[in-house]
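Okay, structure first, notes after.
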Amino acid sequence: MPDQNDHLIVAITEPPQNPPRTLRMDFPAPGTEYPFSVGDIAYATARRLGPGWNADAGYWGTTGSIWGPYTAAFTLLIDVEGDLCMLYDVAASDEWPEAPQLPRGVQEFSAGLFLPDACVIDGLDHIADQLAAALRAITGT
């Protein structure tokens, strides 16, 4: 089974998947199929974390960055399997717990964590709550 990092590398280096064989006869209006972006998730998560936390969206809102009172920054993205991932490096000066108790629905991998079951129908608030809880667990706050 490939490591989660392998999926991230594939997402960056391989061409997109082949389009479906049947033509789509209608197209959703902008903002209806995906009512929020990964950048929106970053902003909502930073708001939940409170003062001292900030966020920014990457190009086209396809990634998001979150940073706060620590050396490490956190990057949100969607991997090739469609999982919402949060990448980060643990800086020695941050003194975070070695084995954080992550909230339900959040899993660790070598470059950070991911939410394998998160999807747009969960809603922006629920996803941001999950990520904020995961960040609190990681940082021990």
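Here, residue 1 is the first one in the sequence, and each next residue gets the next number.
- The CE atom of Met86 sits 11.0 Å away from the CD atom of Gln130 when rounded to the nearest 0.5 Å.
- Side-chain contact check for Arg136 versus Leu49: some heavy-atom pair is nearer than 4.5 Å.
- Note on Tyr34 and Trp60: separate hydrophobic clusters, where clusters join Ile, Leu, Val, Met, Phe, Trp and Tyr whose side-chain heavy atoms are under 4.5 Å apart, directly or indirectly.
- When side chains are defined from C-beta on, Gln107 does not count as touching Asp83, because their heavy atoms never get closer than 4.5 Å.
- Taking the six-membered ring where the residue is Trp, Tyr70 and Trp96 present perpendicular rings, their angle passing 60° and hence far from 30°.
- The environment of OH in Tyr59 is sparse: at most 12 heavy-atom neighbours from other residues, nucleotides or ligands sit within 6.0 Å.
- Between the side chain of Asp56 and the main chain of Gly64, no donor-acceptor pair closer than 3.5 Å is present.
- Phe114 is not listed as a side-chain neighbour of Leu84, based on a closest heavy-atom distance of 4.5 Å or more.
- Across all their heavy atoms, Ala128 and Thr45 have their closest contact at CA-OG1, 3.6 Å.
- Under the 4.5 Å side-chain criterion, counting only non-hydrogen atoms from C-beta, Leu76 is in contact with Leu131.
- Contact annotation: the side chain of Asp122 never approaches that of Leu115 to less than 4.5 Å [non-hydrogen atoms, C-beta and beyond].
- With contacts defined as side-chain heavy-atom distances shorter than 4.5 Å, the pair Thr62/Leu77 does not qualify.
- Residues Val120 and Glu33 are not in side-chain contact: their nearest non-hydrogen atoms beyond the backbone lie 4.5 Å or more apart.
- By the rule that hydrophobic residues join a cluster once side-chain heavy atoms approach within less than 4.5 Å of another member, Leu124 and Trp53 end up as members of one cluster.
- A 4.5 Å side-chain heavy-atom check between Trp67 and Tyr88 finds every atom pair outside the cut-off.
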